[in-house]
Amino acid sequence: MRTNDTILLGHGSGGRLTNELIQSLFVKYFNNETLSGMTDSALLNLGSEDVAFTTDSFVVDPLFFPGADIGRLAVAGTVNDLAVSGAEPLYLTAAFIIEEGFSMKLLEQIVASMAAEAAVAGVQIVSGDTKVVERGKADRLFINTSGLGRQRKGAGTVASGSSIRPGDAILINGYIGDHGMAVMSARNQLHIQTVVESDCACLNNLIREVWEGTGGIRFMRDATRGGLGAVVSELVAHKEWGIELDEVKIPVRQEVRGMCELLGFDPVYVANEGKVVMVVDSLVAEQALALMNRNPLGIHAQIIGTITDAHPGRVWMKTTVGGKRIVDLPAGEQLPRIC
């Protein structure tokens, strides 16, 4: 049987198989001018108003993990997709697919967590849907959230990265890999002395502070499935410029690095749920970093690389030992059902 005859876990990885599925099937049938932008949110003009619209589904296993749960994740994931598209998140919808027999107490905890995270982000959950399926026909609980936000001026180029130029700086707002390793440890009941917590958080307020304080943001993307590696690999594809990263400057907790080494993962490709990769004009890079550092969600932010015309369409990383390696899209699924 050929691998393209059936859906594999890797098709949900956010890597090469996901891209192939989207391009060969969904774009084939759904293609239109808005969809062809392939941004995290659809950027729409409604006459007098420019808005961003997005949707996401959450199937994380387990439902509760250190630092967050599926409810908080469902709100943060959709808020962040709007925020990195250059929009001010305003409204969410929430749809629940619940397996018969699921605990009402746990469901209330998850809904309360969603409400709390929405309040932090300053968004309202204004519509929704509930479906219940027979016992054994689903894995406890799946959630879909859609989001609507008001576009800021210049959102189109920020979402697409079309204004990126050689010399621009690349920033990330803190430690990578926390979410993936938190879910992995909870799923497999790894007995680790230091608990790694998910970085799950709404980034719209941090992004707004950098946006208003610099005016020099060229591109943003939240580094979820496929991690930092997937973001930069997708960004540079078919471009006339390349990317250079410095591994020493990429923040990784020692606990996360140790878990990755033990389990055979590369932190660059491990999922995050509270990290934005931002490309800014080099003239405002230090200012953007300072603004990030003032926010609790950006205390450990770093400038991790630059845009270069030296190797178009490629991402090169200077390693901790002084060598170089290529960063490309992950081919398969490192951690299934991570979000």
Side-chain angles (χ1 to χ4, degrees), residues 12 54-83 89-148 175 177-192 194-206 222 224-225 255-256 259 270-275 296-297 335-339:
T54 191
T55 190
D56 208 343
S57 297
F58 299 86
V59 299
V60 65
D61 177 36
L63 300 177
F64 296 85
F65 43 89
D69 56 70
I70 190 173
R72 183 179 180 188
L73 181 62
V75 171
T78 297
V79 165
N80 291 343
D81 279 350
L82 290 170
L90 297 173
Y91 303 109
L92 302 183
T93 68
F96 300 82
I97 299 175
I98 311 167
E99 184 182 15
E100 178 189 18
F102 187 68
S103 164
M104 188 68 76
K105 181 180 179 181
L106 291 182
L107 182 59
E108 183 172 359
Q109 288 181 27
I110 290 166
V111 171
S113 179
M114 294 180 73
E117 191 63 20
V120 169
V123 300
Q124 293 181 309
I125 298 173
V126 295
S127 182
D129 181 56
T130 302
K131 295 292 188 295
V132 177
V133 298
E134 300 95 328
R135 198 182 300 264
K137 298 294 184 178
D139 191 358
R140 296 164 294 165
L141 176 69
F142 301 146
I143 301 176
N144 172 276
T145 48
S146 296
L148 183 70
Y175 294 115
D178 289 2
H179 176 72
M181 289 300 99
V183 172
M184 183 60 135
S185 61
R187 181 182 300 170
N188 295 281
Q189 298 181 336
L190 301 178
H191 301 292
I192 299 173
T194 303
V195 176
V196 175
E197 293 193 349
S198 170
D199 62 340
C200 181
C202 290
L203 298 171
N204 54 316
N205 292 322
L206 178 145
D222 52 336
T224 54
R225 294 178 303 169
E255 298 87 350
V256 168
M259 290 176 65
V270 176
N272 313 273
E273 288 295 343
K275 294 296 172 289
L297 298 177
L335 298 171
R337 294 184 60 183
I338 205 71
C339 60

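If you're wondering where the values come from, they're calculated on a predicted model, not measured in any experiment. Numbers for residues simply follow the sequence, beginning at 1.
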Atom pair [atom1] ([X]) and [atom2] ([Y]), whose distance is rounded to the nearest 0.5 Å:
| X | Y | atom1 | atom2 | result |
| --- | --- | --- | --- | --- |
| Glu255 | Tyr175 | CD | OH | 8.5 Å |
| Cys202 | Leu82 | SG | CG | 10.0 Å |
| Leu92 | Ser146 | CG | OG | 8.5 Å |
| Gln109 | Met114 | CD | CE | 14.5 Å |
| Ile338 | Thr224 | CD1 | OG1 | 10.5 Å |
| Asp129 | Phe96 | CG | CZ | 10.0 Å |

Please determine which of Asp56, Thr78, Thr93, Asp81 meets the side-chain hydrogen bond (donor to acceptor under 3.5 Å, both in side chains) test together with Thr145.
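Going through Asp56, Thr78, Thr93, Asp81 one by one, the side-chain hydrogen bond (donor to acceptor under 3.5 Å, both in side chains) with Thr145 is satisfied by Thr78 alone.
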Stepwise side-chain contact (heavy atoms from CB on, under 4.5 Å) check, Ile110 with Ile143
CA-CA 10 Å; Ile110 290 166; Ile143 301 176; 4.0 Å; yes
side-chain contact (heavy atoms from CB on, under 4.5 Å) for Leu63 and Asp69? Distances and angles first, verdict last.
CA-CA 6 Å; Leu63 300 177; Asp69 56 70; over 6 Å; no
Do any N or O atoms from the side chain of [X] and from the backbone of [Y] form a donor-acceptor pair under 3.5 angstrom?
| X | Y | answer |
| --- | --- | --- |
| Glu100 | Arg135 | yes |
| Asn272 | Gly177 | yes |
| Asp222 | Lys275 | no |

Is Asp61 salt-bridged to Arg140, going by a charged N under 4.0 Å from an acidic O?
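Between Arg140 and Asp61 there is a salt bridge, with a charged N closer than 4.0 Å to a carboxylate O.
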Can you confirm whether more than 12 heavy atoms, excluding those of Tyr91, are under 6.0 Å from its OH atom?
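Not buried by this count: 12 neighbours or fewer within 6.0 Å.
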